Every structure is written in structure tokens, then in C-alpha cells.
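Keep in mind that this is a model prediction, so the values were computed, not measured. Here is the naming used below: chain letters follow the sequence lines, and residue numbers restart at 1 for every chain.
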Amino acid sequence: MKIYDTLSKKKAELIPAQDKKIGIYLCGPTVYDYGHLGHGRSAVVFDLLRRYLMFRGYKVTFVCNWTDIDDKTIDRANKEGIPVDELATRFINIYKDDFKKLGILEPDFSPKPTEHMEEIVSFIQRLFDKEHAYTLDDGVYFDIASFKDYGRLSGQRLDDLKKGVRVEVSDKKKNPGDFALWKFEKPGEPSWPSPWGKGRPGWHIECSVMSSHFLGESFDIHCGGQDLIFPHHEDEIAQSQGAGYRFARYWMHNGFLNIDNEKMSKSLGNFFTLRKAFERFAPLAVRFFLLSAHYRAPLNFSADTLHQAEAALERYNDFIQRVQEVINSKKETNKKISTIKSRVEKARQQFTEGLDDDLNISRALAAISELVKDSNILLEKGELSREGAEEVMSFMQDVDTVLGVFTFEREMLSEDIERLIVERNQARAERDFSKADEIRDRLTNEGIILEDTKDGTRWKRV
RNA sequence: GGCGGCAUAGCCAAGUGGUAAGGCGACGGUCUGCAAAACCGUUAUACGUCGGUUCGAGUCCGACUGCCGCCUCCA
């Protein structure tokens, strides 16, 4: 499999440090507010990566943190007059719930910086020992000039950074790009002890510490949103490599979710929370939407693009239902020789080739679409045998271990509704179409769509 | 100002130098009591613009235009 590595700026063959074992660290959200579709995209896209690697037979260890202590969680907690940890716990639970609805597999580890304080402190001590850290009156800082590779990930040069950064009057930092490792306690803020004084960690240090804690001093893939490349990931590299670790071997970054072609973000105020999205669209349709564009490309959110995703997904689910009907059918299976088995193999190959190429989802989905179309033709002619249907179904199930968007289990209808369907079919048999249409309209209003086929009436919920 | 990305039909979107996948939508048709679903057909002489390399370019090179992102918290 090839992936695009932000550090080398090219597609590279993914070669794990240990055969068939892959460690992934994803920078998770700061938990001070509801998650929006942009957070959803990052989570979904790297869930796809994880699931695909598992599909390819790798043993994946997936770590995704919650940032539970920083300026934003503190501000928000103060505003609400509650302790920071209470606020964080509340939003972690909300995120977990949203992510579950999106079909995101739970990470193997979901660490929080507040639970790794001793390690954070000793990591900073190590940076002092290696002469990368210095103390000012408000905290401990990393000296970026002491790390020769600073700027390599983001393509920023130290000189340019100096020009770009607005220097605050009272700033005593050696270099404007120097960043806080440890911030000394201010009134009303939670704090932890350290050799330099009570305080709390800077933002970047947590990821350096927790990734190495769970995955080791060198691990395979570090992921996150493109906005984290600078300064967050640049600073993580400086800390971890400054501490003498090899750190991440590959870097992957997802593109933004846009709204009206602008980045969706809290600071711009144009965000759409996941909760709000779920009120209008089924969570799995939202997942499919977030999945349907290449992970590095910008993805524009609109009612239209989401409806397109919804319609495409519905076509797959309808198809799965029809295939299931053939499998369940008591009728004599058609003995006609079908080439469906080799057709499924071709689709499987195209699906894999697509995703092997830096998660080219469009090619993978095209492979499924083409198989669906070819199978529909056989279904139409009644030439899909039960064995053929089972082949197709197992393909759909396999690809869904990666995509996680299809619906295989059907809910049961209430007896009332079932009785209405029987009643309507009686009316149809008696050619009382006005009564039949009346019942159909009534069910449509309840969200049940009926489809009449040769073998009876099929229903689905919208 | 520095760094980076993107420009393919009404919309979303793939595309390894050899002549434009797939999906959504629309229109026409088959099927249906009517629908729905499915299928068939139509829907880009054309890939932001202008040059160049080549037998041949959406695909490589250069210039230009437009949009977006990072450089400050942000997935």
C-alpha cells in the first residue's frame, strides 16, 4: 500500500517497522464544545485507514487522544462555573456518542494529558537535559533554534517565521516561534507540580508523550488535520526528536471540510455540529459523505452534496436487500451458469487496488458500483443464483468492514403496518386502486416506502 | 510577504503520455393499474487561459488567471 507522506511530500510505500504490525497516533479534538463535521471528517477518514489496514491483514494499534486541559477547556469551564474535568468529561461523552453514530471504531487507547502528568514533566526534564528548554517568568519554552530540522514538515524556514510572527511587546522568548512546554499556574487554573513550578502542560507536549507511551519511541503513522501541520506537528517533531526519539515514520493529514468553499472552523463560526447534521441526515449517510471524497482533497458541505451521498448509499442498501431476498428465497435457484464469481473477484481486486493507492476511495467505490450494476442486470433477468447471490453478499460484507456504511440487518415492521400492506394488496387484487393508493400514501407519510414486485411488496424506511 | 494545495460536464468526482471511470441530477424509454426500484438510451470534440516538449498531453515543462489553506487557537 502507498500513502502520501507529508514529511517527504510524496507517495511512499507503507513499510511498517514490524512486519504486519502498525501503530497509528491520531490527534484528537480539544473537548470544550460539540464536535463539528470537520472533526467528523478527520475521525472518519483515519477510521477508514485503520479499517483498511486491518482488511489487509495488519494488526493495528490505534491511539487517539482527547485534549482535556488547555486554554479553551479552562475558559469554557470558568464561563460555566464548573471544574475543567467535569466539562471535559461531558464533551468526551458527547464526542464518543457522535463518533459511535458515525461508525468509528473505538481507539485501542484514548489517553488524556491530565492522566499523564508525571511523564509530561519527565519528558520536559529530558529536554532540559538536552538543552532544548529554557525557563521564563510565565513558563518553560522550547528553543526552536536548538533543533536543526525545525520547519522541515511544514516547509517553513526559521527566518521567514521570524518575519511572519507578530511579536508581543513583553515577549522575552529567544525566538518568536518558541513554544510553551509548561505554563505556570495562574489564579483559578488547575495545576500540577513540576520542578520549575506548579502549572500545566503546553499543547504540543501531550502528543509527544502519549504517542511514545503507547506506541514506542518510534511508531508508524501520525495523523491529523492539515491545520495541525504547523505549528502543532512541527513542534511535536522538535520535542520528540529533540528528546532523542525517532518519532513518527509517516505523516498523514486530511483535507478540510469546507462550507461555501471556506474552511469550516470554530473560529470562523461557520461550523455545523455533528448533532445538528444528524437531525437532518442519517449518521451513516453523513459517514458516507465524509468518506466519499479523497481524504486529502477539500470536501464541500452543502445540502446538495449530502443528498447525493444519501441517494448513492440508498442505492447500495436497496441492492443489498434484493440480493438478500434471493438468498432467502425458497424458490428453485436458477441453474444457469453465471460468471458472477469472477465478476466479484474483479471488483474485489479493483477495490483493493484503489485503496492501496493512498486510499483512493473513488476508485474503490466505482468498483462496487460497477458490480452492483452488473448484478442488478442478472437480478432483473432472474439469473442470479443463490450461490451467486451469496458471493455478492459476502463481497458487500467484506468491503463494509472497511467502509462501515451499509445496512444488512432489517428492522421488523409493526403488525399494524404489516396488516396495512396485506390490506392494500387485497385491494390491488380487487383492482380497488384508489383504496390501495390511499394506504400507500398513508404509509409514505409514516416514512415507509412500498415497492411492488413480481414476488410481492417490498418496503423500506426513508 | 513566505510556504503549500487545487482548477475535469448542472453537481460530486476518478484519471499511471495514447485519445475522458463511477456516482447524483435531468430528459426519453422498458417494466408497473399508477408509482417506486431496476435496466436501456441521451447528457464534456472536452479537461481554468496562453505557450512549449512530443508522432501524440487532462496527464510533462513554463507563464498567467482564479479559488483555498498554513504562517495565530483550530480536525
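Base engagement by A:Gly38 is indicated by at least one non-hydrogen atom pair under 4.0 Å involving a base atom. Here A:Glu380 lies in heavy-atom contact (under 4.0 Å) with a base. Among the heavy atoms of the strands, none lies under 4.0 Å from A:Ile229. Within 4.0 Å of A:Leu379, counting heavy atoms only, lies no atom of the nucleic acid at all. Heavy atoms of A:Ser369 sit under 4.0 angstrom from primed sugar atoms or phosphate atoms, though from no base atom. As judged by a 4.0 angstrom heavy-atom cut-off over every strand, A:Asn360 is placed among residues touching the sugar-phosphate backbone only. Within the 4.0 angstrom heavy-atom criterion, only backbone atoms of the sugar-phosphate kind lie near A:Glu370; the bases stay farther away. Within 4.0 Å of A:Arg76, counting heavy atoms only, lies no atom of the nucleic acid at all. Looking at heavy-atom distances under 4.0 Å, A:Arg322 makes contact with sugar-phosphate atoms alone, never a base. Residue contacts for A:Leu257: at a heavy-atom cut-off of 4.0 Å it reaches a base atom on one of the strands shown. Nucleic acid contact class of A:Thr453 (heavy atoms, under 4.0 Å, all strands): none. Residue contacts for A:His36: at a heavy-atom cut-off of 4.0 Å it reaches a base atom on one of the strands shown.
Across all strands shown, B:rG18 forms a Watson-Crick or G-U wobble pair, both distances under 3.5 Å, with B:rC55. In this structure B:rG1 sits in a base pair with B:rC71, meeting the Watson-Crick or G-U test at under 3.5 Å. Pairing of B:rG66, defined by two Watson-Crick or G-U wobble distances under 3.5 Å, is identified with B:rC6. The partner of B:rU45 is absent, by the rule that a Watson-Crick or G-U pair needs both atom distances under 3.5 Å. Partner assigned to B:rG28 is B:rC40, using Watson-Crick or G-U wobble distances below 3.5 angstrom.
Rounded to a whole Å, the CE atom of A:Met252 is 19 Å from the P atom of B:rA75. Taking atom CD of residue A:Glu383 and atom C1' of nucleotide B:rA38, one finds them 15 Å apart after rounding to whole Å. Separating the CG atom of A:Leu384 from the P atom of B:rA37 is a distance of 21 Å, rounded to the nearest angstrom. Straight-line distance from the CZ atom of A:Phe46 to the P atom of B:rA75: 13 Å, rounded to whole Å. Separating the CG atom of A:Asp235 from the P atom of B:rU72 is a distance of 11 Å, rounded to the nearest angstrom. Here B:rA36 presents its P atom at 13 Å from CZ of A:Arg424, a figure rounded to the nearest Å. Atoms CG (A:Asn300) and C1' (B:rC24) sit 15 Å apart, rounded to a whole Å. When the C1' atom of B:rA36 is taken as reference, atom CG of A:Asn317 falls 16 Å away, rounded to whole Å.
One N or O donor and one acceptor, one from the side chain of A:Asp437 and one from the base of B:rG33, sit under 3.5 Å apart. One cannot find a donor-acceptor pair under 3.5 Å joining the base of B:rA36 and the side-chain atoms of A:Arg440. No hydrogens or angles were tested; on distance alone, a donor-acceptor pair under 3.5 Å links the side chain of A:Gln308 to the base of B:rG23.
Checked against the 6.0 Å centroid criterion, the rings of A:Phe247 and A:Phe219 qualify as a close aromatic pair. For A:Phe272 and A:His36, the distance between ring centers is not under 6.0 angstrom. In summary, the aromatic rings of A:Phe179 and A:His204 are positioned with their centroids under 6.0 Å apart. In summary, the aromatic rings of A:Phe147 and A:Tyr150 are positioned with their centroids too far apart to meet the 6.0 Å limit.
Separating the C1' atom of B:rG5 from that of B:rA9 is a span of 24 Å, rounded to the nearest Å. Using P as the reference atom, B:rA57 and B:rC11 are 27 Å apart when rounded to the nearest Å. Annotation: B:rC73 and B:rG69 have their C1' atoms spaced 16 Å apart (nearest Å). Remark: the separation of the P atoms in B:rU72 and B:rC3 is 16 Å, to the nearest Å. Only the P atoms considered, B:rA46 is 15 Å distant from B:rU59, to the nearest whole Å. Across B:rC12 and B:rC55, the matching C1' atoms stand 36 Å from one another, rounded to whole Å. The separation of B:rA14 from B:rC60, taken at their P atoms, amounts to 15 Å, rounded to a whole angstrom. Between B:rC50 and B:rU45, the distance separating the two P atoms is 16 Å to the nearest Å.
Heavy atoms from other residues, nucleotides or ligands lying under 6.0 Å from CZ of A:Arg296 number more than 12.
Nearest nucleotide to the side chain of A:Ala436, out of B:rG33, B:rG15, B:rA75: B:rG33. Distance from the side chain of A:Asp452 is smallest for B:rC34 among the nucleotides B:rC34, B:rC73, B:rA21. For A:His294, the side-chain atoms get nearest to B:rA14 when compared with the rest of B:rA37, B:rA14, B:rA75. Closest to the A:Ala312 side chain, of the nucleotides B:rG23, B:rC11, B:rC70, is B:rG23. Of the candidates B:rC40, B:rA14, B:rC73, the closest approach to any side-chain atom of A:Ile377 belongs to B:rC40. Side-chain proximity of A:Arg363 to the nucleotides B:rC39, B:rC11, B:rA14 is greatest for B:rA14.
Cation-pi contact between A:Lys11 and A:Tyr4: absent, since separation from the ring centre below 6.0 Å together with deviation from the ring axis within 45° is not met. Figure legend: cation-pi geometry between A:Lys266 and A:Tyr32, with NZ or CZ positioned under 6.0 Å from the six-membered ring centre and within 45° of its axis.
Judged by distance alone, the side chains of A:Glu206 and A:Thr67 do bring a donor and an acceptor atom under 3.5 Å apart.
For A:Arg315 and B:rC39, the shortest distance from a side-chain N or O to OP1 or OP2 is below 4.0 Å. The shortest distance between the side-chain N/O atoms of A:Lys9 and the OP1/OP2 oxygens of B:rC3 is not below 4.0 Å. Using a 4.0 Å cut-off, some side-chain N or O of A:Asn376 falls inside it from OP1 or OP2 of B:rC39. Taking side-chain N and O atoms only, A:Lys263 has a distance below 4.0 Å to OP1 or OP2 of B:rC70.
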Between A:Glu189 and A:Asn78, is the side-chain contact (heavy atoms from CB on, under 4.5 Å) condition met? List the steps. CA-CA 9 Å; A:Glu189 290 186 352; A:Asn78 285 343; 5.5 Å; no

Criterion ring pair (Phe, Tyr, Trp, His ring centres under 6.0 Å) on A:Tyr316 and A:Phe319, from CA distance to verdict: CA-CA 5 Å; A:Tyr316 293 130; A:Phe319 171 72; 8.2 Å; no

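Judged by closest nucleotide on RNA chain B, A:Ala311 is the one of A:Leu37 and A:Ala311 placed further toward the 5' end. Residue A:Lys11 is the one, among A:Lys11 and A:Ser42, whose nearest nucleotide of RNA chain B lies closer to the 5' end (criterion: closest heavy atom).
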